[in-house]
There are 2 protein chains.
Amino acid sequence: MINRENGVACYQQLSEILIKQIEKGIFKPGSQLATEIELSKRYRLNRHTVRQAIERLENEGFVYKIKGKGTFVASDKINYKVSKRTSFTTSILDVGLNPDARLLESYEIAAGRELSKRLNIQFSDRIIVLEIVRFVNKMPFCHTTSFLSKAKFPELRSLINGSFSLVAVLKKHYGVDAVRKSSTFEVSTPETSDMDILMISQKVPILLVKSISKGQDGEVVEYCVTKFRRDMCSIIVDFNGEGR
Amino acid sequence: MINRENGVACYQQLSEILIKQIEKGIFKPGSQLATEIELSKRYRLNRHTVRQAIERLENEGFVYKIKGKGTFVASDKINYKVSKRTSFTTSILDVGLNPDARLLESYEIAAGRELSKRLNIQFSDRIIVLEIVRFVNKMPFCHTTSFLSKAKFPELRSLINGSFSLVAVLKKHYGVDAVRKSSTFEVSTPETSDMDILMISQKVPILLVKSISKGQDGEVVEYCVTKFRRDMCSIIVDFNGEGR
DNA sequence: GAGTGGTCTAGACCACTCA
DNA sequence: GAGTGGTCTAGACCACTCC
């Protein structure tokens, strides 16, 4: 199976073999891959070489690992749509999946240099921070940290309890119609806390999206940072759509 | 330096030490990092453990490696703006850098299933493919593969020679005003050819952006796939801006 | 030829999961 | 306690760059 003379690294060859097998659908999403030791026996490679091959699969989002359990074939990517007005819930429902969310915590901080600039408020103004994890089919999908001015939305923390549509709360209680103005896309790696929240290892890249939303009056309403599991989604930006 | 009792992996600790040093600006962009052997001596770690630490730095875009030469500190990320109408050249000039481009090759293929759907043409229609590498300050920045209908733009291949503003050529010679309609963002890993073109190793994630542009009449004009060096840029999507 | 990173092997111990 | 992946060490050889 592995050709040791053609100049192509063994781990390279192995990862291609495994990718082909996964793409052919020999393994179903969620099913367990052969263990490292099994693979090293089967292909007569050292376990570390096998690990290198699997690392690439993990980086490309073909598989995910669970410590003590094994390596599993990942599901297909979700096409997650983003436009001026996007609600996580409708976007996930649109592709026929089951959305869910949980408020991890809410707290207040002083704006500081960076955030005061983003939200266009004073350095010492108070900011409400909301940390929300969103799930698709019970799997953690993304982790959003939202920053809003306390002065503009004083009771937000108690209002948001139980409801996860921030946009709906802002509209209903403050009459504010928040629309996404810009988003920045970067690739990053998870911090320790994100590893637990999103259930991924530090080695898996994440997609980092920073967005600014403004109200009807053109004032900045929300600055939020969302970390997406890179193996779970492609993000589709619609430059026209008003979405919902 | 390295604490072997606190339960944090050594390579983890080392990568944090190195990131802090880079963030403090102890090393300037482009300068060489200590070699693997130097680091393994200095921190009393095995060379492989050091390599694990550096791998993380590479994944996060802090450093890049050149075979046979060494490991070097990467430059700051470029804030690359994308909106309905974006030209690479103006976007890079806007941030005070020096854009450049090179037509790698142009050729024709039959549409096939995938592309005929994207471009909304027939399965057997001919497609013009343009492969362009773009540079920022002489460094490879992204690799774009554009697909356009041969029937609509028969002479495109000869017209594009020497000019890299596809939008300008379409406007001038065909009277078509191409505007970006949607873009899909994914994280991926480079294919072998991209590794050479973008001068990166296979282990470094890339940002994959697939875009559709349409003309005034609403017909699809171009489908393009762009691979960005993940260590070189953040991509900023402007949902309003008409850009240029 | 000396120095760099890239690959491969061998073997060890760990923490975690599951029965 | 057996099996999984996670980490660390030791040592080897390679291709590449630079002098």
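All of these numbers come straight from a predicted model, not from anything done at the bench. So that the names make sense, note that chain A is the first sequence line, chain B the second, and so on, each numbered from 1.
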Engineer: In whole angstroms, how far is the C1' atom of C/dG6 from the CD atom of A/Gln13?
Structural biologist: 15 Å

Engineer: Suppose we screen for salt bridge (Lys or Arg N to Asp or Glu O under 4.0 Å). Which residues come up paired with A/Lys227, at least two apart in sequence or across chains?
Structural biologist: A/Glu191, A/Asp194

Engineer: Could you tell me which non-hydrogen atom of A/Ile37 sits nearest to which non-hydrogen atom of A/Ser40, and how far apart they are?
Structural biologist: O-OG, 2.8 Å

Engineer: Want to settle it: does A/Gln52 or B/Glu38 sit nearer the 5' end of DNA chain C, counting the closest nucleotide to each?
Structural biologist: B/Glu38

Engineer: Distance check: side-chain N/O of A/Thr35 vs OP1/OP2 of D/dG3, anything under 4.0 Å?
Structural biologist: no

Engineer: Excluding sequence neighbours, so at least two apart, what forms salt bridge (Lys or Arg N to Asp or Glu O under 4.0 Å) with B/Asp100?
Structural biologist: none

Engineer: Under 3.5 Å, is there a donor on one side chain and an acceptor on the other for A/Arg180 and A/Ser211?
Structural biologist: yes

Engineer: Going 5' to 3' through nucleotides 10-15 of chain C, assign each nucleotide B (protein heavy atom under 4.0 Å from a base atom), S (under 4.0 Å only from sugar-phosphate atoms) or - (no protein heavy atom that close).
Structural biologist: BBB---

Engineer: Without decimals, in angstroms, what is the distance between B/Arg51 CZ and D/dT7 C1'?
Structural biologist: 16 Å

Engineer: Validate the cation-pi geometry between A/Arg134 and A/Phe141: distance from NZ or CZ to the six-membered ring centre under 6.0 Å, angle to the ring axis within 45°.
Structural biologist: no

Engineer: Atom OH of B/Tyr43 and atom P of D/dC8: how far apart are they, to the nearest Å?
Structural biologist: 15 Å

Engineer: For DNA chain C, list all stems, counting runs of three or more consecutive pairs where every pair is Watson-Crick or G-U wobble with both distances under 3.5 Å.
Structural biologist: C:1-18 with D:1-18

Engineer: For DNA chain C, whose closest nucleotide is more 5', that of A/Tyr11 or that of A/Lys69?
Structural biologist: A/Tyr11

Engineer: Taking the basic N atoms (NZ, or NE/NH1/NH2) and the acidic carboxylate oxygens, is any pair closer than 4.0 Å for B/Glu60 and B/Arg56?
Structural biologist: yes

Engineer: What I want to find out is whether A/Lys20 reaches A/Glu16 closely enough, with some N-O distance under 4.0 Å, to be called a salt bridge.
Structural biologist: no

Engineer: For the pair made of CD in B/Gln32 and P in D/dT17, what is the distance, rounded to whole Å?
Structural biologist: 14 Å

Engineer: From OH of B/Tyr64 over to P of C/dT4, roughly how many Å is that when rounded to an integer?
Structural biologist: 17 Å

Engineer: Can you check the A/Lys41 NZ to D/dG3 C1' distance for me, whole Å?
Structural biologist: 11 Å

Engineer: Please report the distance, rounded to the nearest Å, between CD1 in B/Ile2 and C1' in D/dT9.
Structural biologist: 15 Å

Engineer: Can you check the A/Arg44 CZ to C/dT9 P distance for me, whole Å?
Structural biologist: 12 Å

Engineer: At less than 4.0 Å, is any side-chain N or O atom of B/Thr49 found next to OP1 or OP2 of D/dC8? Yes or no.
Structural biologist: no

Engineer: Using ring pair (Phe, Tyr, Trp, His ring centres under 6.0 Å) as the criterion, list what pairs up with B/Phe27, not counting sequence neighbours.
Structural biologist: none

Engineer: Hey, can you pull the donor-acceptor pairs under 3.5 Å for the side chains in residues 105-114 of chain B, sequence neighbours left out?
Structural biologist:
{"unit_1": "B/Ser106", "atom_1": "OG", "unit_2": "B/Arg157", "atom_2": "NE", "d": "3.0"}
{"unit_1": "B/Tyr107", "atom_1": "OH", "unit_2": "B/Glu131", "atom_2": "OE2", "d": "2.8"}
{"unit_1": "B/Glu108", "atom_1": "OE2", "unit_2": "B/Lys150", "atom_2": "NZ", "d": "2.9"}
{"unit_1": "B/Glu108", "atom_1": "OE2", "unit_2": "B/Arg157", "atom_2": "NH1", "d": "3.4"}
{"unit_1": "B/Glu114", "atom_1": "OE2", "unit_2": "B/Arg118", "atom_2": "NE", "d": "3.1"}
{"unit_1": "B/Glu114", "atom_1": "OE2", "unit_2": "B/Arg118", "atom_2": "NH2", "d": "2.8"}

